[in-house]
Amino acid sequence: MTTSSQDLVSQLIELSNQIGSDTEYTRSGGGNSSAKDGDTLLIKPSGVPLATLREEDLVPLDIPTLLHALEHPEELPSNEDPVRAAAQLAQRGAFERRPSVEILFHALIPDPLVIHLHPLTANAITCNTRGEELCEQILGDQALWVDYTDPGIPLARLIDKRRRAFTATHDTPPPAITLLGNHGIIVSGPTKDAILERIDFLTSSIRAAIDEAGTALSGSPSRVAEAFRRAVDAPSVALSTDGLSAAASAPGGPLIPDQIVYAGSFPVVLEATDTEDIVAAKVSLHRAQHGRAPIVAVIPGLAVAAAGMTNEASDNALHTFLDALRVARDANLLGRVRVMDDRERGFIENWEAESYRQKVAATQGS
């Protein structure tokens with residue numbers, strides 16, 4: 001690795017650790033980042049937090065091989081996940097951890113540094129029925145809008161298509177900021193400082209629009225939360241009774257894939273007066289309706305609780321759901337929140353790559 005390449009990798013680690021430590025932008029193992037060293041992509045492993053990413057964690061992949069897989073997905077093995085197959089073909093040397101599932105869009109964006117995040121403020125636009133309109137209205141030609149599509153090859157191909165279309169229309173390179181419907185953002189650039197400036201521009205511009213639009217906003221929640229923990233047979237439960245939690249209601253569905261991974265697609269709705277038997281019955285009904293036990297319970301007008309295998313897992317689930325509540329609230333100020341539909345949600349719920357990430361997350365803090 002040349003000196004300049006080493007400096008770039010150092011910047012990537014600094015950027016990842018700084019942004020990854022701010023829950024405005026990501027939680028737990030969410031988000032990913034990469035640097036390019038010639039035709040080698042050095043990318044964060046799946047499930048490893050940006051906040052603790054180290055240089056030795058980075059997974060090296062051959063960029064030409066990844067781009068060929070993107071252009072010719074029909075050549076990939078049909079009996080396994082295409083992104084994982086592409087990663088195995090592009091593998092340089094031996095590595096224990098899987099690379100991020102977003103390797104393909106990292107490879108196709110030519111900038112030396114690329115970071116993908118799930119920021120709360122920006123997701124007030126990405127999780128919005130007026131998302132594309134608001135992107136243009138607030139950010140103009142400084143950002144590219146990409147509708148929601150399945151992660152992996154479909155998303156990378158759509159990003160590539162939108163980037164080419166932008167260049168054809170404007171006769172300039174595509175913007176360094178990409179907004180992904182019901183997902184998050186991608187920001188790229190030549191240096192850490194350039195990316196931080198773009199993230200700040202993005203966040204402050206959308207925050208100003210939200211602020212301009214204005215702000216909207218008895219029983220025993222702890223007893224019900226404990227009954228919920230027992231009903232789902234989890235060792236830990238986290239409870240929040242702050243203003244956002246007290247205003248919580250059951251949303252119409254998840255907003256982004258990370259919400260499904262860490263907090264589940266739907267919460268169970270409990271009442272502060274529910275007995276332990278009623279809580280158990282509601283959890284049982286939820287399991288029958290959705291094929292899995294709830295991770296989050298909403299007690300309307302009072303609190304939100306989340307269960308997990310460890311204290312860290314339940315706390316992460318709770319705050320992931322509260323993040324979604326904040327995004328939904330802000331999106332509704334700007335337009336109307338857009339939730340993932342049944343097909344989009346089902347893909348994530350049954351995607352092996354996300355199941356793997358759930359297992360990694362579940363062991364943290366144990």
Tell me whether the count of non-hydrogen atoms from other residues, nucleotides or ligands lying under 6.0 Å of CZ in Arg164 goes above 12. no
Would you mind reporting whether Asp150 and Leu155 have side-chain heavy atoms less than 4.5 Å apart? no
Enumerate donor-acceptor pairs with a distance under 3.5 Å from any side-chain N or O in residues 278-286 to protein atoms, sequence neighbours excluded.
from   : atom 1 : to     : atom 2 : distance (Å)
Lys282 : NZ     : Asp274 : OD2    : 2.9
His286 : ND1    : Arg292 : O      : 3.4
His286 : NE2    : Phe266 : O      : 3.1

When every non-hydrogen atom of Leu302 is compared with those of Pro221, the smallest separation belongs to CD1-CD, 4.4 Å
Counting only heavy atoms not in Glu75, do more than 12 fall under 6.0 Å of its CD? yes
Check step by step if side-chain contact (heavy atoms from CB on, under 4.5 Å) holds for Ile115 and Ile195. CA-CA 8 Å; Ile115 191 165; Ile195 289 182; 3.9 Å; yes
Between the side chains of Arg207 and Asp330, is the shortest nitrogen-to-carboxylate-oxygen separation below 4.0 Å, so that they form an ion pair? yes
Starting at CG of Leu179, measure out to SG of Cys135 and round the result to the nearest 0.5 Å. 4.5 Å
Spell out, as yes or no, whether a donor-acceptor pair under 3.5 Å connects the side chain of Asn182 to the backbone of Leu255. yes
For the side-chain contact (heavy atoms from CB on, under 4.5 Å) test, which of Leu53, Asp37, Val48 pairs with Leu58? Leu53
Would you call Asp342-Arg345 a salt bridge at under 4.0 Å N-O? yes
Student check: side-chain heavy atoms of Val337 and Thr129 closer than 4.5 Å: no
When you compare the side chain of His68 with that of Pro64, does any pair of heavy atoms fall below 4.5 Å? no
Looking only at heavy atoms, what is the nearest atom pair of Ala156 and Leu104, with distance? CB-CB, 3.6 Å
Cut-off 3.5 Å, side chains only: do Asp22 and Gln18 have a donor facing an acceptor? no
Taking the six-membered ring for Trp, are His116 and His106 closer than 6.0 Å centroid to centroid? no
Any side-chain heavy atom of Gln6 sitting closer than 4.5 Å to one from Glu55? yes
Is any side-chain heavy atom of Ile109 closer than 4.5 Å to one of Arg163? yes
Any side-chain to backbone donor/acceptor pair from Ser100 onto Ile103? Under 3.5 Å, distance only. no
Salt bridge check, Lys36 against Asp111: does any charged N sit closer than 4.0 Å to a carboxylate O? no
Can you see whether Thr121 engages Arg326 through a side-chain donor-acceptor pair at a distance of less than 3.5 angstrom? yes
Are the side chains of Val146 and Thr178 in contact, using a 4.5 Å heavy-atom criterion? yes
Salt-bridged, Glu136 to Arg130, with N to O below 4.0 Å? no
Should the heavy atoms of other residues, nucleotides or ligands under 6.0 Å from CZ of Arg336 be counted, would the total exceed 12? no
Beyond-backbone contact of Asp57 with Arg97, side-chain heavy atoms, under 4.5 angstrom: yes
Answer with yes or no whether the side chains of Ser236 and Thr310 bring together a donor and an acceptor at under 3.5 Å. no
Thr203 side chain to Asp200 backbone, donor-acceptor under 3.5 Å: no
For Leu270 against Ala297, the heavy-atom pair lying closest together: CD1-CB, 3.7 Å
Check whether any side-chain heavy atom of Ser265 lies under 4.5 Å from a side-chain heavy atom of Glu349, and answer yes or no. yes
Interatomic spacing from CG in Asp147 to CZ in Arg162 - rounded to 0.5 Å: 6.5 Å
Answer yes if the side chains of Thr126 and Tyr148 hold a donor-acceptor pair under 3.5 Å, and no otherwise. no
Could you please spell out the steps behind the salt bridge (Lys or Arg N to Asp or Glu O under 4.0 Å) verdict for Glu226 and Arg229? CA-CA 5 Å; Glu226 181 60 17; Arg229 182 194 68 77; 2.6 Å; yes
Interatomic spacing from CG in Leu66 to CG in Leu108 - rounded to 0.5 Å: 10.0 Å
Can Leu239 be reached from Val304 by stepping across I, L, V, M, F, W or Y side chains whose heavy atoms are under 4.5 Å apart? no
Given Thr320, Asp323, Asp315, the one that forms side-chain hydrogen bond (donor to acceptor under 3.5 Å, both in side chains) with Arg27: Asp323
Gln259 side, atom CD; Ile256 side, atom CD1 - distance, nearest 0.5 Å: 7.0 Å
What is the minimum heavy-atom distance between Ile295 and Ala317, and which atoms define it? CG2-CB, 3.7 Å
Would you say the ring centroid of His319 lies under 6.0 angstrom from that of Tyr262? no
For Arg198 and Gly189, the nearest pair of non-hydrogen atoms, with its separation, is NH1-CA, 3.2 Å
Identify the heavy atoms of Val83 and Gly152 that sit nearest to each other, and give their distance. CG2-CA, 3.5 Å
